[in-house]
Amino acid sequence: MSFRRATPAVLAAAIVLTAAACGGGGGTSQQSGDGKSFEFWSFTGINQKKTVEAYKKIHPDVQVKLTEVGSTAETAQALTTALAGGKVPDLVLIQGDDLPKFLQQPQNFQDLRQYGADKMKGDYLDWVISQSVARSGEIIGIPTDVGGMAVAYRTDLFKAAGLPTDREEVSKLWPTWDAFIETGKKYTAATGKAFIDNAATSVFLQAVNQGPEKYYDQNGNVIYRTSPQVRTAFDLGLKAIQAGISAKQSSFSEGWSAGMGKGDFAVISAPSWLLGQIQDNAPGTKGKWDIATIPGGAGNWGGSYLAIPKRAANPKAAWEYISKMQSPQGQLDHFLEAGSLPTTPSVYQDSKLLSQKDPFFSDAPIGKIYTESLLGLKPYVIGPDDPAIGSEFLAAITNVEQGKGDPAKAWDAAMANIKTAIGK
């Protein structure tokens, strides 16, 4: 799941793209391309521009028209509209939680096996590449990154609270989520300030992502009502609120962004792609942050795939881009330049990855910390209604956190809202 925000200008671009898609001709094929150019739709917040620029240095004769459509949801909606009969891009970036809906209709995409994707499957984490394989065997996407999990914390604020600041000692404070909440209570008691940014994304969302089953079972059946993992994670979110350790700043809100620099909270559950946002939002706190292990030791939040629509005008040019930039070496290079965590485990022991340190985060070995968070992860099935289900759970916890919901009725409210949203 991802919650990258969009600016008004980006939202306008999404509207223009959607309108253009609606105006396209029915299901007719597009003209064959020249093989030296392709149109690429991405969402915002992950710096695909840098990857495109790197590719153009290798292939200066290839023209890439990159459009950042908007948020992950807006990009998926624009693609849905285009697939229904408009002009499709040659290449599109799809956020992992949105992929299952598209996977239900693999005929809308190029089967990447025709280009050799089946021979490349072994390059990627099994549980990641499997999410882009249709029931009938088509491979419609190649993974670009994953969102390994850790905890970003303020060393100066921990010191003021009498807590350890060394990342290994801090990691030992919270082997479990219950221990994490207890640490938060100690911090808040010592400082009178909030420990975490919010309970929805820094507790519930991480805990629910750590087990072998989430909203669907291994056969693709909806189980959000009966899953022990989901209920446990939900109750942990409520427990964090009731402990009084939350700043009640929803992720990606203006208050959340400003709070990083002001010290309104000391801890954020941070996937690898979030580190850049912390730096952008709180540049004056360089060297005051560090990275510790996530409670439970493993986790993932996010990840994306590159796909080629069936009616793409330049599929071969798009595939050349995928095969080069999403190879193990390509993903390693992108991590070293932009911080996107590779989905290719063959590079996890590469000396360049292991030695990668971030001075903003007290020279934390981010490559080592984040790849280790993936190795112990138990993969779960992501279903077509995952985004809608997850959004309602997050909303229910946020309502309680903001004083708008009754914690005793929050679970039942989430159940009712999810049923309304997905009909199940």
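- In this structure, the side-chain hydrogen bond (donor to acceptor under 3.5 Å, both in side chains) partners of T343, at least two apart in sequence or on a different chain, are Q331.
- With sequence neighbours excluded, the residues satisfying ring-ring contact (aromatic ring centres under 6.0 Å, His included) with F204 are F393.
- E53 is linked by a salt bridge (charged side-chain N to carboxylate O under 4.0 Å, His left out) to nothing, counting only residues two or more places apart in sequence or in another chain.
- Sorted pairs that involve residues 65-99 and meet ring pair (Phe, Tyr, Trp, His ring centres under 6.0 Å), not counting sequence neighbours, are lacking altogether.
- Remark: D235 pairs with R231 by the salt bridge (charged side-chain N to carboxylate O under 4.0 Å, His left out) rule, at least two apart or across chains.
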Derivation of the salt bridge (charged side-chain N to carboxylate O under 4.0 Å, His left out) call for E39 and K87: CA-CA 11 Å; E39 185 175 359; K87 183 180 183 297; 2.9 Å; yes
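- Considering only residues two or more places apart in sequence or on other chains, E169 meets the salt bridge (charged side-chain N to carboxylate O under 4.0 Å, His left out) condition with K172.
- Surrounding CD of E168 are at most 12 heavy atoms belonging to other residues, nucleotides or ligands under 6.0 Å away.
- At a threshold of 4.0 Å, the pair D156-R154 counts as salt-bridged, since one of the basic side-chain nitrogens sits closer than that to a carboxylate oxygen.
- Each salt bridge (charged side-chain N to carboxylate O under 4.0 Å, His left out) pair with one or both residues in residues 271-292, not counting sequence neighbours, appears once here: R167-D290.
- Looking at N209 and Y380, their side chains do bring a donor and an acceptor atom within 3.5 Å of each other.
- Legend: residues meeting side-chain contact (heavy atoms from CB on, under 4.5 Å) with Y216, ordered by chain and number and at least two apart, are V222, V381, P384, D385, D386, I389.
- Evaluation of the side-chain hydrogen bond (donor to acceptor under 3.5 Å, both in side chains) rule for Y124 yields no partner, not counting sequence neighbours.
- For Y321, the ring-ring contact (aromatic ring centres under 6.0 Å, His included) partners at least two apart in sequence or on another chain are F38, F40, Y55.
- A search for side-chain hydrogen bond (donor to acceptor under 3.5 Å, both in side chains) contacts involving Y305 returns Q131, not counting sequence neighbours.
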Quick one: side chains of residues 262-271, donor-acceptor pairs under 3.5 Å with protein atoms, not counting sequence neighbours, listed by atom name and distance.
| unit_1 | atom_1 | unit_2 | atom_2 | d |
| --- | --- | --- | --- | --- |
| S269 | OG | S202 | O | 2.8 |

